[in-house]
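Dropping a structure here in structure tokens format, bear with me for questions.
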Amino acid sequence: MDKPVIILGGGIWGSLLALRLKDALPEIDFILYEESSVLGQGHTLTFKESDATNSMEWLKPIISQSWEKSQIRLNSKNRTIHEKWHLIAPEKLQQVLTRKLGNKLRINKTLTPEFALKDSSFVIDTRNSCYFKRTGFKKNLTHEIEILHGHELRDPVIFDSCVNQKERFRCLSYFPLDSQRILIKDSWYSMNLSIQMDEMRSALGDFISTKGWGHARILREEGHCSELPLSPPVFREEGRVLSLGGLFHDLTGCSIVMATSLIEEMIKTSFRFGELKELIRGFRQKMEFERKYIRLLNQQIMEENPGKMFEFIFSQSDAFLKRFSGLNLSVMDRPRMIALSSKIKAETIFETMFHSKMPLDVKGSDSFSNG
């Protein structure tokens with residue numbers, strides 16, 4: 001290549017691709033452009049080890065903390081997941097990437113794909129440059145807090161739905177960073193994009209108080225809204241631009257599974273445009289087969305009974321949870337998820353009927369039961 005490859009976007013996709021490319025294919029000339037001053041969009045990333053089993057060796061330098069097990073707290077029961085969880089802090093990602101990439105990194109630089117093509121062999125656009133015809137939203141507020149008198153949390157709680165509900169559904173996850181600090185992420189599922197930060201801060205403060213973590217000082221705040229797809233991603237393929245937009249887990253929003261899987265395949269190629277284009281197209285097709293089942297669950301969360309759907313997911317076996325988060329569903333998982341979706345929809349209809357203040361139409365009720 002007489003010109004470098006340009007990677008647009010220093011989010012988790014662009015950062016991981018640049019990190020892996022620098023070590024695995026040092027002969028490839030590339031430049032990573034990020035329009036802001038921070039990499040990884042300044043977000044904390046958490047994931048379990050099975051999400052990136054084949055990539056752990058090169059992910060280790062950017063991992064800030066790890067835990068041997070985690071907890072799930074549901075209204076029906078609590079459970080322990082005996083699998084490692086990892087956390088990538090934005091500060092650590094920034095530090096490692098800045099050191100390793102050197103002059104291959106350009107921050108605070110805005111570059112369009114069209115303009116980038118003038119000075120590159122081809123462009124890899126890792127920004128989320130796609131859209132969904134139908135989508136819900138997941139509003140996230142993250143606080144890193146310091147508790148002056150300390151806390152007794154030892155294992156991270158990766159899902160807690162035993163909280164005051166907001167909008168369509170609300171859950172939290174929280175991770176002990178040391179004897180005084182905890183990272184807490186509050187997620188609200190919604191059909192609207194509007195984020196009421198003051199309301200979210202107040203609700204998160206109430207949760208902190210109920211946990212007995214009084215006199216907590218907020219050290220850092222992250223706030224963002226991510227899409228919860230209800231339809232396949234729509235993206236453009238133009239010229240010598242490879243788009244990696246829309247490649248994330250449709251329910252969790254996590255990119256680590258797809259990013260590490262595809263990046264591992266990319267570095268096995270000659271890293272030429274044509275070969276990469278075919279690889280990415282095939283990867284999208286393969287992932288779409290799995291993602292349509294996840295979007296079916298999203299529809300239930302947005303339109304029917306989110307509480308029961310999450311209860312179902314997190315009540316399953318550890319093996320199922322690995323397949324679910326890893327987008328590697330078995331031939332038995334898929335029909336079960338479809339059947340469950342239909343069952344929850346029917347239950348929701350009955351609950352709406354029998355909890356309604358309006359009297360039931362006798363004739364309509366008989367015809368329904370006989371049908």
Side-chain angles (χ1 to χ4, degrees), residues 42-49 63-92 138-190 195-226 252-254 301 306-315 318 321 325:
H43 298 159
T44 302
L45 176 67
T46 60
F47 64 99
K48 62 177 181 294
E49 186 148 326
I63 291 175
S64 305
Q65 279 182 263
S66 301
W67 299 267
E68 293 296 327
K69 61 184 185 297
S70 60
Q71 306 292 324
I72 292 176
R73 295 181 179 171
L74 310 172
N75 288 315
S76 58
K77 66 176 181 180
N78 297 334
R79 63 183 295 190
T80 300
I81 305 296
H82 294 279
E83 182 181 357
K84 272 191 174 184
W85 272 80
H86 304 286
L87 181 147
I88 298 175
E91 302 85 0
K92 183 71 173 288
K138 184 180 178 185
K139 305 169 187 180
N140 303 292
L141 175 65
T142 300
H143 278 177
E144 180 183 333
I145 63 172
E146 181 182 47
I147 304 166
L148 300 182
H149 58 72
H151 62 85
E152 297 181 355
L153 184 67
R154 295 294 173 262
D155 301 322
V157 176
I158 59 171
F159 186 88
D160 185 350
S161 59
C162 304
V163 295
N164 292 331
Q165 289 300 308
K166 299 288 185 178
E167 302 199 13
R168 284 299 298 156
F169 186 77
R170 180 191 182 205
C171 62
L172 288 97
S173 57
Y174 32 104
F175 299 79
L177 303 179
D178 58 31
S179 61
Q180 288 187 303
R181 293 182 303 130
I182 298 177
L183 185 82
I184 310 176
K185 180 179 179 180
D186 195 352
S187 299
W188 295 18
Y189 293 79
S190 176
I195 302 179
Q196 303 297 328
M197 290 300 294
D198 288 341
E199 183 183 359
M200 293 191 74
R201 290 186 183 110
S202 177
L204 184 51
D206 290 342
F207 171 79
I208 290 172
S209 296
T210 63
K211 300 297 289 185
W213 299 332
H215 307 291
R217 182 166 66 101
I218 300 173
L219 302 178
R220 183 168 61 87
E221 177 180 280
E222 301 172 20
H224 70 282
C225 184
S226 58
T252 67
C254 184
I301 291 169
K308 287 189 176 181
M309 184 58 68
F310 279 112
E311 288 277 332
F312 162 78
I313 294 171
F314 288 105
S315 294
D318 290 2
L321 291 178
S325 65

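In this chain, numbering begins with 1 at the start of the sequence shown. All of these numbers come straight from a predicted model, not from anything done at the bench. Every heavy atom of this structure was used, including side-chain atoms; hydrogens, water molecules and symmetry mates were not.
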**Prompt:** Do Ile72 and Ser315 touch side chain to side chain, with heavy atoms closer than 4.5 Å?
**Reply:**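 Side chain of Ile72 against side chain of Ser315, heavy atoms only: no contact under 4.5 Å found.
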Fill in: Closest non-hydrogen atom pair between Lys69 and Thr80, with its separation
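Smallest heavy-atom distance, with atoms named: CD-CG2, 3.8 Å.
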If you define the side chain from C-beta out and look only at heavy atoms, does anything of Leu204 sit under 4.5 Å from Leu172?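 Yes, side chains in contact.
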message: Please report the interatomic distance CG(Asn140) to NE2(His43), rounded to the nearest 0.5 Å.
response: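 So the CG of Asn140 and the NE2 of His43 are separated by 8.5 Å.
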Open item on the list: Minimum heavy-atom separation for Gly307 and Phe169, please, with both atom names.
Closed with: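 Result for this residue pair: CA-CE1, 3.8 Å.
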| query | Should Leu321 and Ile313 count as side-chain neighbours, where that means a heavy-atom distance under 4.5 Å? | reply |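 Yes, side chains in contact.
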* **Modelled atom types, side-chain donor and acceptor of Ser70 and Asp155, under 3.5 Å** =>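 Ser70 vs Asp155: no donor-acceptor pair found between side chains.
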**Message:** Do Thr252 and Ser325 make a side-chain contact, defined as non-hydrogen atoms from C-beta onward lying under 4.5 Å apart?
**Reply:**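 Answer no - side chains too far apart.
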Problem - Gap between atom CD1 of Ile218 and atom CD of Glu146 - 0.5 Å precision - result: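 Those atoms lie 12.0 Å apart.
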Practice prompt. May I ask you to say whether Glu91 pairs ionically with Arg220, meaning some side-chain N is under 4.0 Å from a carboxylate O?
Written response: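 Judged by the 4.0 Å cut-off on N to carboxylate O distance, Glu91 and Arg220 do form a salt bridge.
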Check the orientation of Phe207 and Tyr174. Use parallel for under 30°, tilted for 30 to 60°, and perpendicular for over 60°.
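Because their plane-to-plane angle lies in the 30° to 60° range, the rings of Phe207 and Tyr174 count as tilted.
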Q. Going from OH on Tyr189 to CE on Met309, what distance comes out if it is rounded to the nearest 0.5 angstrom?
A.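 Between atom OH of Tyr189 and atom CE of Met309 there are 12.5 Å.
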Quiz item: Does Phe175 offer a backbone N or O that forms a donor-acceptor pair with the side chain of Trp67 under 3.5 Å?
Solution: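 Such a contact is absent between Trp67 side chain and Phe175 backbone.
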- Task: Using atom types as modelled and distance alone, determine if a side-chain donor or acceptor of Gln71 lies under 3.5 Å from a backbone N or O of Asn78.
- Result: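 It does not hold such a pair.
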Between Met197 and Glu221, is there a side-chain heavy-atom distance shorter than 4.5 Å?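 Yes, at least one pair of side-chain atoms sits under 4.5 Å.
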Rounded distance (nearest 0.5 Å) linking atom NZ of Lys138 with atom NE2 of His224: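 Atom-to-atom, Lys138:NZ and His224:NE2 are 7.5 Å apart.
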- Task: Can you measure from CD (Glu222) to CG (Leu141) and round to the nearest 0.5 angstrom?
- Result: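 Rounded to the nearest 0.5 Å, the CD-CG separation comes out at 9.5 Å.
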#### Entry: Nearest heavy atoms of Asn75 and Glu311, plus distance in Å
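So the minimum-distance heavy-atom pair works out to N-OE2, 3.1 Å.
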**Report entry** Any donor-acceptor pair under 3.5 Å from Glu83 side chain to Lys48 backbone
**Finding:**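 Judged by distance alone, no pair lies under 3.5 Å.
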**Study point:** Close side-chain approach of Phe310 and Leu74, heavy atoms under 4.5 Å
**Key:**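 No. Closest side-chain heavy atoms not under 4.5 Å.
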Does a side-chain heavy-atom distance below 4.5 Å link Ser66 with Leu87?
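In short, these two side chains do not touch, never coming nearer than 4.5 Å.
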**Qualifying ring-ring contact (aromatic ring centres under 6.0 Å, His included) pairs, either residue in residues 71-90, two or more places apart** =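 Residue pairs with at least one partner in residues 71-90: Phe47-His86.
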Which atom pair, heavy atoms only, marks the closest approach of Thr142 to Lys185?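 That would be OG1-CG, 3.5 Å.
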- With the side chain counted from C-beta on, respond yes when His151 and Lys211 share a heavy-atom pair under 4.5 Å apart, and no when they do not.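 In short, these two side chains do not touch, never coming nearer than 4.5 Å.
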Within a radius of less than 6.0 Å around CG of Asn164, do more than 12 heavy atoms belonging to other residues, nucleotides or ligands occur?
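No, because the 6.0 Å sphere around CG of Asn164 holds 12 heavy atoms or fewer from other groups.
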Could you measure the distance from the OG atom of Ser187 to the CG atom of Asp160? Nearest 0.5 Å is fine.
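Reported value, rounded in 0.5 Å steps: 11.5 Å.
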**OP:** Looking only at non-hydrogen atoms, find the nearest pair between His149 and Gly214 and report the distance.
**Re:**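 That closest heavy-atom pairing would be NE2-O, 3.5 Å.
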Notebook entry, point to check: Under 3.5 Å, is there a donor-acceptor pair between the side chain of Glu144 and the main chain of Leu183?
Noted result: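 Absent.
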* Under 3.5 Å donor-acceptor, Arg217 side chain and Leu148 backbone ->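 Here the side-chain-to-backbone pair does not exist.
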| task | Mind jotting down which residue pairs meet the salt bridge (Lys or Arg N to Asp or Glu O under 4.0 Å) criterion with at least one end in residues 70-82? Sequence neighbours excluded, please. | result |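 Checked against salt bridge (Lys or Arg N to Asp or Glu O under 4.0 Å) - neighbours excluded - the pairs reaching residues 70-82 are Arg79-Asp318.
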Query raised in the report: If every non-hydrogen atom of Cys254 is compared with every non-hydrogen atom of Thr46, which pair is closest and at what distance?
Result: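 Scanning both residues, the minimum pair turns out to be SG-O, 4.3 Å.
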| query | Do the side chain of Gln165 and the main chain of Arg170 share a donor and acceptor less than 3.5 angstrom apart? | reply |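 Yes: the side chain of Gln165 pairs with the backbone of Arg170.
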